[in-house]
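Take a look at the structure below.
Just so you know, these numbers use all the heavy atoms, side chains as well, and skip hydrogens, waters and symmetry mates. Chain identifiers are assigned alphabetically (A, B, ...) following the order of the sequence lines, protein sequences preceding nucleic acid strands; residue numbering begins at 1 within each chain.
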Amino acid sequence: MFALVDCNNFYASCERVFQPKLRGKPVVVLSNNDGCVIARSNEAKALGIDMGAPWHLNRDRFKKAGVIVRSSNYPLYGDMSARVMRTLSNFTPELEVYSIDEAFLNLAGFADPEAHSRVMRATVLQWTGIPVSVGIAPTKTLAKVANRLAKKTPESGGVLVLADEAAQTAALARIELTDVWGIANRIAVRLVEMGITTPLELRDADPRKIRAAFGVVLERTLYELRGISCLSLEEHSPDRKNIMASRSFGRPVESADEMQEAVATYMSRAAEKMRRQGLVTASITVFVNTNRFREQDAQYYATQTVRLPVATADTGKLIRAALHGLKCIWRPGFSYKKAGVMCLDLHRAENLQNSLFHQADDPGRVELMRLMDGLNQRFGRGAVHFAATGTKGSFAGGGGILR
DNA sequence: TCTGGGGTCCTAGGACCC
DNA sequence: TCTGGGGTCCTAGGACCC
């Protein structure tokens, strides 16, 4: 049995923990630059406020309705998330932190998963102040369905189990195609064109047809809806494959100096993230965009990928590379709205020696190779392993004999 | 009439998630 | 004037290899 624990209206709930006067009131949290709505309390949802609603188009309406507005505070949400996850880990041997406000739990072996989950839910509320909902089912996709219904059904007390096929069928009859995990608008439209208009019809469709039309991902969803588990719990999150740092600007940027400053800032933020995860990058991409909402303006989007001679997380080197990339794509005369950097080709820092000495004529490389050859001749091929960190164009590192 | 049969790697684009 | 910021996976097609 899987349980999906999802924090209710997470960012809005975090704001409430420290400002009790917000309880019972419509609260929304805004994105960066107060651009648009990214979280709503139940009271705000009841007023018909949409996710993603642009703030500047709704300011007056919110004011009239007495909506309380907060700018987002990500350090707070990250901290609250860690507290919730720590609390959950007391209730299961296996926990997958799926997002900032969601976790999958393995509840196999618990005699009464529902009772267990009710205690867990009460404990999270008591210890952190965050209300959560719990959906329990034999597959992750059905646990998502159960969670959604737990939120929609006040009588459930925030915990809902879909153990048998009868319960699952009744549950699937209550939701739309796009409520199913993995189905968004585009796929829903194509499914409807095929005559599949509800989650139940998808569950009971021919898996081969679904695979032929949509691929293996949706085929898995179909089986998961039947209660056949295709997605397992992933306790240890694998290394990131990309790290991005980007922002929309509050006002359009037109000067190259200002843009350089922004790109340097994003690059150093990305480098910090990378070091925290023990990673280094062998290439970075810089991108700039004009404002896509201003259709009357000339549009320009550009990216430039810069390959690094040496994989690194060194902020100074990365900023120099990013600024070089920016120079290649900078076109004066445009009003830029957004920019960012992305680190690709990530490696674990401890495996750095593989990417560090790309350049055959690097004096550090030459010296290292000579050393390694000598040692490998004495101790056998592959006997010597070097861990190195690159700084200032040369190398510093240590080696060890593996066998 | 006949025109190998596999592989891998890379990139771009499309779709999804929170 | 003002419309978020991150991520993942899959597929198709081309280059290239033996």
Any A:R251 side-chain N or O less than 4.0 Å from OP1/OP2 of C:dT1:
no

Tell me whether the NZ or CZ atom of A:K140 lies within the 45° cone about the ring axis of A:F104 and under 6.0 Å from its centre.
yes

Euclidean distance, atom CZ of residue A:R186 to atom P of B:dG13 [Å, nearest integer]
14 Å

Over all strands shown, is A:W181 touching base, sugar-phosphate only, or nothing at heavy-atom distances under 4.0 angstrom?
sugar-phosphate

Does OP1 or OP2 of C:dT3 have a side-chain N or O of A:R294 closer than 4.0 Å?
no

Do A:R23 and A:S41 have side-chain atoms, one donor and one acceptor, less than 3.5 Å apart?
no

Between A:E219 and the options A:R211, A:R203, A:K209, A:R226, the salt bridge (Lys or Arg N to Asp or Glu O under 4.0 Å) test singles out A:R211

Which of the following nucleotides, B:dC17, C:dC2, C:dG4, is nearest to the side chain of A:A184?
B:dC17

Does a side-chain N or O of A:R220 approach OP1 or OP2 of C:dC9 to a distance below 4.0 Å, or not?
no

Separation of B:dA15 atom C1' from A:L191 atom CG, nearest Å, is 13 Å

Side chain of A:K337: nearest nucleotide among C:dT3, B:dC17, B:dC16?
C:dT3

Under 4.0 angstrom, heavy atoms only, what part of the nucleic acid is A:A245 near: base, sugar-phosphate, or nothing?
sugar-phosphate

Between the side chains of A:R247 and A:T265, is a donor N or O closer than 3.5 angstrom to an acceptor N or O?
no

Compare side-chain N and O positions of A:K144 against OP1 and OP2 of B:dC18 and report whether any pair is under 4.0 Å apart.
yes

Hey, does A:V180 reach any base, or is it just sugar-phosphate, or nothing, if we go heavy atoms under 4.0 Å?
sugar-phosphate

d(CG, A:L177; C1', B:dC16) in whole Å:
15 Å

Looking at C:dC10, B:dC18, C:dT8, which one has an atom nearest to any side-chain atom of A:S99?
B:dC18

Whether the A:D297 and A:N291 side chains hold a donor-acceptor pair (N or O, under 3.5 Å, no angle test) is what I'd like checked.
no

What does A:I243 touch in the nucleic acid at a heavy-atom separation under 4.0 angstrom: a base, only the sugar-phosphate, or nothing?
sugar-phosphate

Find the partner of C:dC10: check Watson-Crick (N1-N3 plus N6-O4 or O6-N4) and G-U wobble (N1-O2, O6-N3) distances, both under 3.5 Å, and reply none if neither fits.
B:dG13

Is there a side-chain contact between A:R59 and the phosphate of C:dT1, meaning an N or O under 4.0 Å from OP1 or OP2?
no

Please assess A:W127 against A:F91 for the test ring-ring contact (aromatic ring centres under 6.0 Å, His included), listing each intermediate value before the final yes or no.
CA-CA 14 Å; A:W127 291 6; A:F91 287 87; 7.3 Å; no

Would you say A:S248 reaches C:dG4's phosphate, i.e. side-chain N/O to OP1/OP2 under 4.0 Å?
yes

I need the CE-P distance between A:M274 and C:dG7, as an integer number of Å.
11 Å

Taking the nucleotide of DNA chain C with the closest heavy atom to each, which residue, A:M244 or A:V217, is nearer the 5' end?
A:M244

Phosphate oxygens OP1/OP2 of C:dT8: is one of them under 4.0 Å from a side-chain N or O of A:N242?
yes

Looking at every strand, decide which applies to A:R211 at a 4.0 Å heavy-atom threshold: base, sugar-phosphate, or nothing.
nothing

On the nucleotide C:dG7, are OP1 or OP2 found under 4.0 Å from the side-chain N or O atoms that A:K273 carries?
yes

Just checking A:R307: does its CZ atom have more than 12 heavy atoms from other residues, nucleotides or ligands closer to it than 6.0 angstrom?
no

In whole angstrom, what separates A:F10's CZ from B:dC17's P?
21 Å

Where the side chain of A:P252 is concerned, which of C:dC2, B:dC16, C:dT8 is the nearest nucleotide?
C:dC2

Residue pair A:Q277/A:G52 against DNA chain C: nearer the 5' end by closest nucleotide is A:G52

Selection from C:dT11, B:dC17, C:dT3 that lies nearest to any side-chain heavy atom of A:H56
C:dT3

Please check the phosphate of C:dT3 (OP1 and OP2 only) for any side-chain N or O of A:S31 closer than 4.0 Å.
no

Answer with base, sugar-phosphate or nothing: what part of the nucleic acid does A:D34 contact at a heavy-atom distance below 4.0 Å?
nothing

Need one value for A:G250: base, sugar-phosphate or nothing, where a base atom within 4.0 Å counts as base even if backbone is also close, heavy atoms only.
sugar-phosphate

Can you find a side-chain donor-acceptor pair between A:R174 and A:T153 that sits under 3.5 Å?
yes

Presence of A:R247 side-chain N/O under 4.0 Å of C:dG6 phosphate oxygens OP1/OP2:
yes

Atom-pair distance (OH on A:Y74; P on C:dG5), nearest Å:
8 Å

From the candidates C:dG5, B:dT11, C:dC9, the one with an atom nearest any side-chain atom of A:K338 is C:dG5

Go through B:dT11, B:dC18, C:dG5 for me and flag the one nearest to the A:N32 side chain.
C:dG5

Which nucleotide in the list C:dG6, B:dC16, C:dG4 gets nearest to the side chain of A:I187?
B:dC16

Please state how far atom OH in A:Y98 lies from atom P in B:dC16, giving the value in whole angstrom units.
13 Å

Describe the nucleic acid contact of A:L57 in one word from base, sugar-phosphate, nothing, applying a heavy-atom distance below 4.0 Å.
nothing

How close or far is atom C1' of C:dC2 from atom CD of A:Q296, stated in whole angstroms?
13 Å

Could you tell me whether A:I100 contacts a base, only the sugar-phosphate backbone, or nothing, with contacts defined as non-hydrogen atoms closer than 4.0 Å?
nothing

